[in-house]
Amino acid sequence: MPELAEVEFFRRRWHEAGAGQIVRAARVLARSRVYRGLAREFRGGANALARALAGRRFAESGTHGKQMWFGFTERNAKRGADALWVGVHLGMTGELLVEHGGYAPAKYDALVLELERCTLVFNDPRQFGRVHAWLGPEGTRPPWLRDLPPVVTAPEFSAEAVRDYLARHARAPLKAVLLQQERFPGIGNWMADEILWRAGLHPALPAGRAARLANRLHAAVREVAEDALRVIAGAGGPLPPDHNANIPDTWLFLHRWRDGGRCPHTGRPLRRAVIGGRATCWSPARQRAPRFTKEFEQKETKPTKKHPKSKTHRSSQST
DNA sequence: CACGATGTTCCCTG
DNA sequence: CCAGGGAACATCGT
């Protein structure tokens, strides 16, 4: 579920329920894969994190693309005291939940924060998500929040930056380019399709051929990001009950997975194929690339061989 | 039973 | 060395 708007939705859900409260107890599912690598940035890993959280105050939170963070200060803020930062990436199936009353942890609850008046839960069955943690002087930022690219709603995210990026990845399909977090932080599979659909660009079009259309693509990225934030995360307004409660029927989103789905704009059938390694949906009637479409259709008809990969080595990682 | 899923990272190849 | 493609990761729902 997690692209930038859902990420903001979940951050707000935790923040509005729990900000300002003390962590009475923290529980971690230490064997969850979301803690992979944590010990390298936080001594003692997941269990040490649970101990460090207890007694702290949930003070602040923020997002950057698909990354979000929560800041925990010491209960009685002393001068020069270290703040504890917890980063959360939701991966493919992660969710942030708010529970009340005596909450019994469920399967795949990677992190459970028992606060004064509610319980905050990070649940992730598939465990592609990730938890970061870092202890540092207040006013400083953890390493994973430094040197981040501009978010797509910031002025620094310019049409020129998009044009340069398209030119630099000239041979990659537009779909693959939009998924690059180093330039389009927070854009994921459905937003990429939504953007290309609104811009009227074919997802398999090589980026180099779209460089001259960078303005249009840039505008669509902005527009989809702003609309999604408003509709999904209720930016500036109340938080919707579910992240997809208010998505308009006029978006591609609601039609993309339905078999026999039709373009909400043209009424013509939608097409689906794997492009840039990801399931992709587009409206052929709306997203044409003259001269190019033909090539793509040809490529499409080629028998897609999938060899039953012979698994060989897998170097075990050390330290 | 088999396939595929709103993500990232590593490995392989050209 | 670089860019791009594909598999792996782990689980659940259709």
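First the proteins, then the strands, lettered A, B, ... as listed; each starts at 1.
Under 4.0 angstrom from either OP1 or OP2 of B:dT8 there lies at least one side-chain N or O belonging to A:Lys66. Within the 4.0 Å cut-off from OP1 or OP2 of B:dG7, not a single side-chain nitrogen or oxygen of A:His89 is found.
C:dA10: no Watson-Crick or G-U partner with both key distances under 3.5 Å is found in any strand. Applying the Watson-Crick and G-U wobble criteria (two distances, each under 3.5 Å), B:dT6 pairs with nothing in any strand.
Taking atom C1' in both C:dC12 and B:dT9, the straight-line distance is 23 Å, to the nearest Å. B:dT8 and C:dG13 are spaced 23 Å apart, taking the C1' atom of each and rounding to whole Å. Rounded to the nearest Å, the gap between the C1' atom of C:dG4 and that of B:dT6 is 22 Å.
Relative ring orientation between A:Trp85 and A:Trp69 is described as tilted, the plane-to-plane angle lying within the 30° to 60° band.
Summarising the geometry, the separation between CG on A:Leu178 and P on B:dT8 is reported as 14 Å, rounded to the nearest angstrom. Rounded to a whole Å, the CG atom of A:Leu179 is 9 Å from the P atom of B:dT8. Straight-line distance from the CZ atom of A:Arg272 to the P atom of B:dC3: 16 Å, rounded to whole Å. In this entry the distance linking CE of A:Met191 with C1' of B:dA5 reads 18 Å, nearest Å. The distance from atom NE2 of A:His169 to atom P of C:dA3 is 6 Å, rounded to the nearest whole Å. Remark: C1' of B:dT8 and CG of A:Asn189 are 13 Å apart, rounded to the nearest angstrom. A straight line from CZ of A:Arg278 to C1' of C:dA8 spans 14 Å, rounded to a whole angstrom. Summarising the geometry, the separation between CE on A:Met92 and P on C:dA7 is reported as 15 Å, rounded to the nearest angstrom.
Using modelled atom types, one side-chain atom of A:Trp14 and one backbone atom of A:Leu97 make a donor-acceptor pair closer than 3.5 Å. Side-chain atoms of A:Arg130 come within 3.5 Å of backbone atoms of A:Arg36 as a donor-acceptor pair (strictly under, hydrogens ignored). The backbone N or O of A:Ala285 sits nowhere less than 3.5 Å from a side-chain atom of A:Arg268 that would complete a donor-acceptor pair.
A donor and an acceptor atom, one from each side chain of A:Lys175 and A:Asn189, are located under 3.5 Å apart. Side-chain contact, A:Arg286 with A:Thr266: no donor N or O sits under 3.5 Å from an acceptor N or O.
Relative to the ring axis of A:Trp134, A:Arg141 does not place its NZ or CZ within 45° and under 6.0 Å from the centre.
When each of A:Arg168 and A:Gly277 is assigned the nucleotide of DNA chain C with its nearest heavy atom, A:Arg168 is the one assigned upstream, toward the 5' end. Of the two residues contacting DNA chain B, namely A:Arg171 and A:Arg256, the nearest-nucleotide position lying further toward the 5' end is that of A:Arg256.
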Report, one pair per line, the protein and nucleotides 10-14 of chain C atoms (nitrogen or oxygen only) whose separation is under 3.5 Å.
from	atom 1	to	atom 2	distance (Å)
C:dA10	O4'	A:Arg126	O	3.4
C:dA10	O3'	A:Gln127	NE2	3.3
C:dA10	N1	A:Arg126	NE	2.5
C:dA10	N1	A:Arg126	NH2	2.7
C:dA10	N3	A:Arg126	NE	3.1
C:dT11	OP1	A:Gln127	NE2	3.4
C:dT11	O3'	A:Tyr108	OH	3.2

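Residue-level contact check: A:Ala279 touches the backbone only, with heavy atoms under 4.0 Å from sugar-phosphate atoms and none from bases.
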Review point. Are A:Tyr165 and A:Glu182 close enough, and set up right, to give a side chain to side chain donor-acceptor pair (under 3.5 Å), and what steps lead you there?
Key: CA-CA 10 Å; A:Tyr165 201 76; A:Glu182 63 178 4; 2.6 Å; yes

